[in-house]
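Here the structure comes first, spelled out in structure tokens, and everything after it is commentary.
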Amino acid sequence: MKPKTFSAEEIRYLELLSRNFPTIAAASTEIINLEAILSLPKGTEHFLTDIHGENEAFDHVLRNASGAVARKVDEVFGSSLREKERKQLCTLIYYPKERLEIIKREEENIDEWYAITMQRLIKVCRAVASKYTRSKVRKAMPEAFSYIIQEMMHESEDDENKTAYFHQIFNSIISIGRSDACIIAICELIQRLVVDRLHIVGDIYDRGPGAHLIMDKLMRYHNVDIQWGNHDVVWMGAAAGNEACMANVLRISLRYANLNTLEDGYGINLLPLATFAMDMYADDPCAVFMPKLNFADAEYTDKNVRLIAQMHKAIAVIQWKLEHDIIMRHKDWHMEDRDLLHRIDFAKGTVTIGGTEYPLKDRNFPTVDPKDPYRMTEEERALMDKLHHSFVESPKMAAHLEFLLDKGSMYLVCNGNLLFHASIPMNEDGTCKTVTLNGVKYKGKSYLDEVDRLVRVACQRKSDVEGYDEALDYMWYWWCGPDSPSFDKSRMATFERYLLDDKETHKEVQGMYYKLRNDAEVCDRLMDEFGVKGEHRHIVNGHVPVKTMKGESPVKANGRVLVIDGGFSRAYHAETGIAGYTLVFNSHGLQLVQHEPFENRQHAIEDGADIKSTRFLVEFESQRMMVRDTDIGEQLQTQVDDLKRLLQAYRLGVVK
């Protein structure tokens, strides 16, 4: 049989490849290694969305991997451990440092407890590590205990030649006082191995108090990607220098009495805003702008609440003025209906919208000149200059922005799943809607690609970059624009919700995608548009909470669409009836996990209270999915094919 010839281009490529694998032995070893990896079960993927600053609930779901840790403990020990013991072991894995402090106070024979517990943890660790190569597990181990954990995992007391050796490892750890550190290391390794990849499908920010803490945790996570949501985009826009985005970030934070992320997380100086608001609204009750305290810190006093309401009103008025300037610069956006200050009759205390006159719930606007309503006062301009400096000069905000750019995107195609936060603008007939940006028409995938590019241009924070000013303005549009893939509603009715009683004026009509995502044929065409492959493929969204208590299902279009925003944020619990969905995709299939509200971290640590979760099997494979069936597997198989060609080239003398 005549050997396949090599083109000049292929020879050049193989010569480059030979630098990494310079011998037949080296290439052969790598082929053996890669083909073995392809035969391992795929790693577990964990999907979360719409976290909205709920740090404690997010942290717990991450630690328990949506119940995956508890299920693994049950698999390992079955009925050999009582339910109470399994529960205690799980809590230790979730919160090893905190639980050890409690256990050391309560246990009479702590050395015996150490020995038993370490052996149990090692069994769990073996189970979660079984689908990975030893090399990958070794790299995940904490350096200080890497050798010891490896020995404990790969030796057994059942081997009569190693029984004494095995037990002496535990005895030595206890005798030299390293038990706590070793247990913590094993527990963190279990958490690390139980999930191979974490997907955050948007909206880390707003409402809850701990978005900055969530970002810190994500930056330490071993493998994560983020699909930006509209609440992420508005914070990114604020960090990039868009003042309308800054005003929206401040307004929402004040609306939910959530100043932790701004002040403690990013060091934003709110004193100038507080001083301005107290001066301008000293005698104003600001009743319309009272914060939503049912989810806020109970320590707020009446005086605190009044000040927050004053600040809330001050920044809302500034926001409407700043947004007007952007709308005037981009009339092709057709957002003039969001300019409402000039429609106010200050003498009558009404506003005219769509030809109808509505009474205002608040008529005191001392900073608005009826003759020139969108002009910023000197005091407002000075205030925004100070706030602008605080946002763009915050080191932590800059670090988090860089991380969001590095790990984030508008959408992701991964292992047969198309992930995007909210929507793809669509026409009534199920085709992708054409959207014009800077005179160029885009739709579907090309539109999201262009949005992604412009986000990165804006977030460079370099005014000399071509197209920077337009890109920075677009950051606000993607927060609230009618054709924004992160929003896709007719309008954001902020003004009406604050100042008008008529509920009809509050309505925000959703884009066509939200209706069409129930149509399996439309969803198939959309997945084709983005190049999603596989017999079992899905769209994964968040953005709009699933109203479970009203009978709405998160599974749509015959299983093609999974909407996993079930109300992670406490602000949505009354509306959804649950505390969120998460999605787990392991080698056996897809599992949708429905969570009950999380009480608090302290209760979980002290009483072992876990989040009550219910699992739904969305799809369950009769045959396990292996690494070769994944996107990574496809890349590895390409590497194997290339290496086999290199072997052939070596043997034929084409490459020496």
Side-chain angles (χ1 to χ4, degrees), residues 234 237-238 240-252 254-255 269-284 286 288-289 309-353 357-392 463 469-470 472-477 479-481 491-500:
V234 73
N242 184 305
E243 291 188 349
C245 290
M246 293 176 196
N248 273 280
V249 162
L250 289 161
R251 177 183 59 79
I252 295 169
L254 291 160
R255 179 176 175 80
N269 182 9
L270 297 181
L271 182 59
L273 176 58
T275 303
F276 171 84
M278 285 190 292
D279 289 343
M280 197 56 58
Y281 301 102
D283 301 320
D284 190 334
C286 297
V288 170
F289 295 90
Q310 291 170 327
M311 296 165 69
H312 187 185
K313 182 173 183 178
I315 202 64
V317 174
I318 290 173
Q319 174 190 314
W320 295 324
K321 292 183 179 183
L322 291 167
E323 290 177 340
H324 164 79
D325 294 340
I326 298 179
I327 291 168
M328 288 299 99
R329 288 197 293 270
H330 300 279
K331 292 191 176 182
D332 55 315
W333 294 354
H334 306 297
M335 292 183 69
E336 290 86 351
D337 67 318
R338 294 299 81 215
D339 274 345
L340 296 171
L341 293 182
H342 71 282
R343 303 175 191 273
I344 295 175
D345 186 324
F346 289 90
K348 295 170 65 176
T350 61
V351 63
T352 300
I353 301 175
E357 191 174 65
Y358 299 94
L360 294 169
K361 293 195 289 183
D362 189 326
R363 303 181 178 189
N364 182 38
F365 298 101
T367 65
V368 179
D369 180 355
K371 296 178 181 178
D372 191 3
Y374 300 106
R375 181 180 59 82
M376 298 271 281
T377 66
E378 290 183 11
E379 294 83 2
E380 286 174 322
R381 185 64 263 166
L383 168 61
M384 280 310 304
D385 287 344
K386 292 174 183 176
L387 289 169
H388 186 113
H389 182 268
S390 278
F391 273 90
V392 299
S463 58
D469 291 333
E470 291 81 2
L472 189 61
D473 281 350
Y474 274 120
M475 295 300 290
W476 174 77
Y477 181 85
W479 155 242
C480 60
R491 59 180 176 166
M492 187 174 283
T494 306
F495 181 97
E496 293 89 337
R497 289 176 181 273
Y498 276 103
L499 297 175
L500 304 183

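As the structure is a computational prediction, the values presented were derived from the model and not from experiment.
Counting only N and O atoms by type, the side chains of Asp284 and Gln310 include no donor and acceptor under 3.5 Å apart. A donor and an acceptor atom, one from each side chain of Tyr281 and His312, are nowhere located under 3.5 Å apart.
For the atom pair CZ (Arg251) and CE (Met246), the distance works out to 15.5 Å, reported to the nearest 0.5 Å. Here NE2 of His342 is found 7.5 Å from CG of Leu340. Values are rounded to the nearest 0.5 Å. The structure places OG1 of Thr367 at 9.5 Å from CD of Glu379, a figure rounded to the nearest 0.5 Å. Between atom CD of residue Gln319 and atom CD of residue Glu243 there is a gap of 12.5 Å, rounded to the nearest 0.5 Å. Taken to the nearest 0.5 Å, the CZ atom of Arg338 stands 10.5 Å off from the CH2 atom of Trp320. Note: Cys480 SG to Glu323 CD = 5.5 Å, rounded to the nearest 0.5 Å.
Ion pair Asp385/Arg381 flagged as a salt bridge, since at least one NZ, NE, NH1 or NH2 atom sits closer than 4.0 Å to an Asp/Glu carboxylate oxygen. We find that Lys361 and Glu496 are not joined by a salt bridge, their nearest charged nitrogen and carboxylate oxygen being 4.0 Å or further apart. Here Asp337 does not pair with Arg491 in a salt bridge; the nearest charged N to carboxylate O distance is not below 4.0 Å. For Lys313 and Asp362, the salt-bridge test passes: some basic side-chain N is under 4.0 Å from an acidic carboxylate O. A salt bridge links Lys321 with Glu380: the distance from a Lys NZ or Arg NE/NH1/NH2 to an Asp or Glu carboxylate oxygen falls below 4.0 Å.
Ring geometry for Trp333 against His330 counts as parallel: the plane angle stays under 30°, on a 0 to 90° scale with 60° as the upper cut.
Around atom NZ of Lys386, no more than 12 heavy atoms belonging to other residues, nucleotides or ligands sit under 6.0 Å away.
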Evaluation steps, side chain to side chain contact (heavy atoms under 4.5 Å, CB included), between Phe391 and Val249: CA-CA 11 Å; Phe391 273 90; Val249 162; 4.2 Å; yes
Full working for side chain to side chain contact (heavy atoms under 4.5 Å, CB included) between Leu360 and Leu500: CA-CA 6 Å; Leu360 294 169; Leu500 304 183; 3.9 Å; yes
Side chain to side chain contact (heavy atoms under 4.5 Å, CB included) between Glu470 and Asp473, intermediate numbers included: CA-CA 5 Å; Glu470 291 81 2; Asp473 281 350; 5.8 Å; no
Audit row: Tyr477, Ile326, side chain to side chain contact (heavy atoms under 4.5 Å, CB included) steps and yes/no: CA-CA 9 Å; Tyr477 181 85; Ile326 298 179; over 6 Å; no
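Listed here is the closest heavy atom pair of Leu472 and Gly237: CD1-O, 4.5 Å.
Counting heavy atoms from C-beta on, the side chains of Leu322 and Trp476 never come closer than 4.5 Å.
Under a cutoff of 6.0 Å and an axis angle of 45°, Arg343 and Tyr358 do not form a cation-pi pair.
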